[in-house]
Each structure stands twice: as C-alpha cells, then as structure tokens.
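We count ligands from 1, going down the list as the structure has it; atoms in each ligand are counted the same way.
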Amino acid sequence: MRDIIIIGSGPAGFTAAIYAARAQLKPLLIASSVEIGGELMNTTEVENFPGFPEGIMGPELMTKLQAQAERFGTEVVYDDVVELELDGPVKRVKLGNGDEHEAAAIIYATGSAYRKLGLAEEEVLSGHGLSWCATCDGFFFREKTIAVIGGGDSAMEEATFLTRFADKVYVIHRRDTLKASKIMQQRAFDNEKIEFIWNAEIAAIHGTSAVTGVTLRDTVTGEERGLDLDGLFVAIGNDPRTHLVHGKLDLTPEGTIAVEGRSSKTSLPGVFAAGDVIDPHYRQAITAAGTGAAAALDAEHYLAALGNENAAEALLETEFVAVN
Ligand SMILES: Cc1cc2nc3c(=O)[nH]c(=O)nc-3n(C[C@H](O)[C@H](O)[C@H](O)COP(=O)(O)OP(=O)(O)OC[C@H]3O[C@@H](n4cnc5c(N)ncnc54)[C@H](O)[C@@H]3O)c2cc1C
C-alpha cells in the first residue's frame, strides 16, 4: 500500500507531489490519459506565475513542475481514475486500464473545466486571442476591441475588469436580459467602454493564427452578421470535476469539494482536495499550487498521526505546526 496517491496533473497536483516526494512519501500521481499538465496546457504565455519575470509558456511551466516532482521520487502514471473507494483507512483507486492502487491518503486535484462554446475553432485559437480568464489574459488586450460572451455575474465582472485594458468591450448575450445580479449589471451598464449585443450567439470565430472576429447569429431571427474583434473571452460557466466523488464527499452549493476552513481536509478522513476543484473564486495557477502545498502538508500530518515516520520527520523539518 502507498502512503499517498495524488489525482490530477495540474499546478495543484504537481505541487502536492513536490512536497509529498520531498517528505519521502514516494507519491503516485495519476496524470490522466489525455490532459496531462492540466488547463495551462491550453494556453500560450503565462505572465503571472511568480518566478518567471519574462513570462513562461503554459506547457513549459507544467513540464518544469512535473520534472521537479519526479526529481524527488514522484511516480507518474498516464491514465484516468475511473473509480474511487474513499471511506475506511485504505483508499482504493481504480484506473482506466484496470489497475488498482491503494493508499493511506488521497489528494484529489482534478481541477475544473471552463464551459466551451462547442465550436471547432476553439481548440486552435485558445491562447491566441480566445480566452476563458480575464485575470490571466486581460493584460494582452491593451487598447484593443474585444468581446465577452455570457450574461452572468462572472461575464459582467470580466467585462468590467477588461475595460481597464481594452478600448472597447462588447458583451454578447443570447437573451435580452441578464442573469447577473443587479449591482453587477448596473456597473456594466454604467461603463462607457461596454456595449451590449442582445439576443446573439457566436456562430463562428474568425482567424487562423489569432482571433480576428466572429460571426454573430441573432437568436430570434436567425440572421447572421460579422463583428471584427481582437479577442474573445468566454464566460459561460465553469464545472468542477467532481463526478468521481459525488455521494462520497460533501460539496459546496457552488459544486466545488467542501473543505474545512483554509485546510484541504474534505468530509472524509485521509482525503484531501486542492486546486480549482475546491475553488469557486480565484482559479489561478498560483492559488492552485498554494492549495496543493497545503494538501500535501495536511496529508503528511494525517500520516504522521497514523505512525508514518517519514511524514513525522518531514513535518519536523519544515517546522510545520499543525492546527487541529
Ligand atoms: C486557457 C486558459 C488559460 C489560463 N491562463 C492562466 C494564466 O495565465 N495564469 C494563471 O494563473 N491561471 C491561468 N489559467 C487558470 C489555471 O490554468 C488554473 O487555475 C489551474 O490550472 C488550476 O490548476 P489545478 O491543478 O487545480 O487543475 P487543472 O490545471 O485543471 O488540472 C487538473 C488535472 O486533473 C486531471 N484529471 C481530471 N480528472 C481526472 C481523472 N479522473 N483521473 C486522472 N486525472 C484527472 C486533468 O486531466 C488535469 O490534468 C488559465 C486557464 C485556461 C483554461
């Protein structure tokens, strides 16, 4: 039986692995079979991860995190977890290839998925003018004309935030009223850089190497027209990847995994969660990495209490004093 199994290969999973591996806990990290490296594999330049003053490409950052985790003894398996048994002292993890692994502790870091428009161009243009994160990418659109798609609070927040950079921000919404709270709506209505396009959906995104515009389809009449743009932000929702733990772990009203206070402790002993799967608010690489570190330290503390000497020693070395 292993000490720790980590599920997920994003910033949260690999950071948890770096800490757990340095604590001599020889973690097994299940990376997934398709999206190894997590969400940052879908982007180009990351300019807000500390330590890289010139910025770093998303895939390169993830390769470095993996190398750092492996350097200290993390074993990475390129498969998907398909089933979990989490209650009881021995946690069981079943993979797509049929293999089963057991561990005393689990760190669950499966991230969340931004909802997509369902257009073929999305794969090609992601990170090239097409974005799901204003905080991450707004800076690249100084003095540009861009659009935000969506009608909820996050769409209003992103549109308002993006006016700090862009000259013009269209909000494209498929209905003629917004879902967003009144205060967020009013803030957007009052902003002279924002223009609303009602009853419209995106029929196509234009551009080969970067976004140059979209085809808008009127949701009432079906009429289509072109709109020139330098960038497009999709803000139509986000789904934490929790399907494997439904009915096993407590969730929050937002659908993220519920954790105790600022810790990574879930509703089951020995099961810890980190990254975007616990975070309905920030969803940044650095915050995911931070909670990954916390999850490894929480897991070390749990294992030390079970008599694991490596975990106990590692806690002493980091002079970590756990608050229970
Ligand atoms: C296009 C784009 C650009 C972004 N740019 C930035 C940026 O510039 N700066 C920034 O700070 N943030 C950025 N973000 C946000 C950032 O990527 C996320 O906040 C961060 O990756 C979350 O890390 P995570 O480890 O929680 O999850 P993720 O990165 O989503 O990783 C989760 C991993 O778990 C794996 N997984 C899921 N289910 C299973 C399973 N059953 N078995 C095995 N593995 C599984 C997934 O395949 C994935 O590899 C961007 C996001 C997107 C989509």
Side-chain angles (χ1 to χ4, degrees), residues 5-18 28-52 55-62 65-66 69 76-84 93-97 99 101 106-116 122-140 158 231-235 237-246 256-257 264 272-296:
I5 294 177
I6 297 164
I7 305 170
S9 56
F14 277 132
T15 305
I18 292 166
L28 177 69
L29 184 144
I30 317 294
S32 104
S33 61
V34 281
E35 205 201 9
I36 300 136
E39 297 271 80
L40 286 184
M41 301 303 283
N42 300 319
T43 194
T44 47
E45 200 146 9
V46 178
E47 288 191 328
N48 55 8
F49 199 90
F52 300 96
I56 182 165
M57 299 304 269
E60 192 191 346
L61 175 60
M62 295 318 301
L65 285 184
Q66 176 166 354
V76 179
V77 169
Y78 300 100
D79 207 338
D80 303 302
V81 174
V82 292
E83 220 177 296
L84 282 170
V93 175
K94 191 170 173 191
L95 305 188
N97 66 7
D99 286 358
H101 298 275
I106 296 285
I107 295 178
Y108 195 81
T110 51
S112 66
Y114 285 95
R115 286 186 203 147
K116 297 195 170 169
E122 276 176 292
E123 300 304 324
V124 183
L125 293 171
S126 173
H128 300 278
L130 177 61
S131 173
W132 282 262
C133 176
T135 314
C136 314
D137 297 330
F139 193 72
F140 299 119
E158 304 245 311
L232 187 61
F233 285 79
V234 183
N238 183 288
D239 300 307
R241 295 195 190 95
T242 54
H243 64 281
L244 287 173
V245 297
H246 280 180
T256 51
I257 294 176
S264 65
F272 305 89
D276 284 5
V277 78
I278 65 165
D279 181 0
H281 301 298
Y282 304 110
R283 293 198 294 255
Q284 295 294 292
I286 190 64
T287 50
T291 55

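- Contact annotation: the side chain of Leu84 approaches that of Val93 to within less than 4.5 Å [non-hydrogen atoms, C-beta and beyond].
- Protein heavy atom nearest atom 6 (C) of ligand 1, with residue, atom name and distance: Cys136 SG, 3.1 Å.
- Applying the side-chain contact (heavy atoms from CB on, under 4.5 Å) criterion to Asp239, with sequence neighbours excluded, gives Arg115.
- At least one N/O-N/O distance between Val81 and ligand 1 falls below 3.5 Å.
- Of all non-hydrogen atoms in Gly13 and Leu29, the two that sit nearest each other are O-CD1, 3.6 Å.
- The line from OG1 of Thr43 to CE of Met62 is 12.5 Å long, rounded to the nearest 0.5 Å.
- Listed by first and then second residue, the side-chain hydrogen bond (donor to acceptor under 3.5 Å, both in side chains) pairs that reach into residues 282-291 are Asn48-Gln284, sequence neighbours excluded.
- Checked by distance only, ligand 1 and Gln284 come closer than 3.5 Å through their nitrogen or oxygen atoms.
- Residue contacts with ligand 1: Asn48 is placed with a nitrogen or oxygen under 3.5 Å of a nitrogen or oxygen of the ligand (distance criterion only).
- Considering backbone and side-chain N/O of Trp132, none are found under 3.5 Å from N/O of ligand 1.
- In the vicinity of Gly275, heavy-atom distances shorter than 4.0 Å reach the ligand 1 atoms 26 (O).
- Residue-to-ligand polar distances place Ser9 within reach of ligand 1: an N/O pair is separated by less than 3.5 Å.
- Of all the atoms in ligand 1, the ones that sit under 4.0 Å from a non-hydrogen atom of Arg283 are 15 (C), 19 (O).
- Residue contact check: Ala12 has heavy atoms under 4.0 Å from atoms 25 (O), 26 (O) of ligand 1.
- Contacts between Val277 and ligand 1, counted as non-hydrogen atom pairs separated by less than 4.0 Å, are absent for every part of the residue.
- Residue-to-ligand polar distances keep Tyr114 apart from ligand 1: every N/O pair is separated by 3.5 Å or more.
- Of all protein heavy atoms, the one closest to atom 26 (O) of ligand 1 is Asp276 N, 2.8 Å.
- Summarising the geometry of Ser126 relative to Trp132, their closest heavy-atom pair is OG-CZ3, 3.6 Å, with the distance given to 0.1 Å.
- Taking distance alone, with nitrogen or oxygen atoms compared against 3.5 Å, Ala285 approaches ligand 1 more closely than that limit.
- Checking only distances, Glu39 does come within under 3.5 Å of ligand 1, N or O to N or O.
- For ligand 1 and Leu244, the ligand atoms under 4.0 Å from any heavy atom of the residue are 41 (N).
- Rounded to the nearest 0.5 angstrom, Glu60 CD and Phe52 CZ are separated by 7.5 Å.
- Heavy-atom contacts of Ala109 reach the following atoms of ligand 1: 32 (C), 33 (C), 34 (O) (cutoff under 4.0 Å).
- Regarding atom 23 (O) of ligand 1, its nearest protein heavy-atom neighbour is Pro11 CD, 3.2 Å.
- Contact annotation for Ala288 and ligand 1: only side-chain heavy atoms (C-beta onward) come within less than 4.0 Å of the ligand.
- Taken to the nearest 0.5 Å, the OG1 atom of Thr110 stands 7.0 Å off from the CG atom of Leu244.
- Of all protein heavy atoms, the one lying nearest to atom 44 (N) of ligand 1 is Ser32 CB, 3.3 Å.
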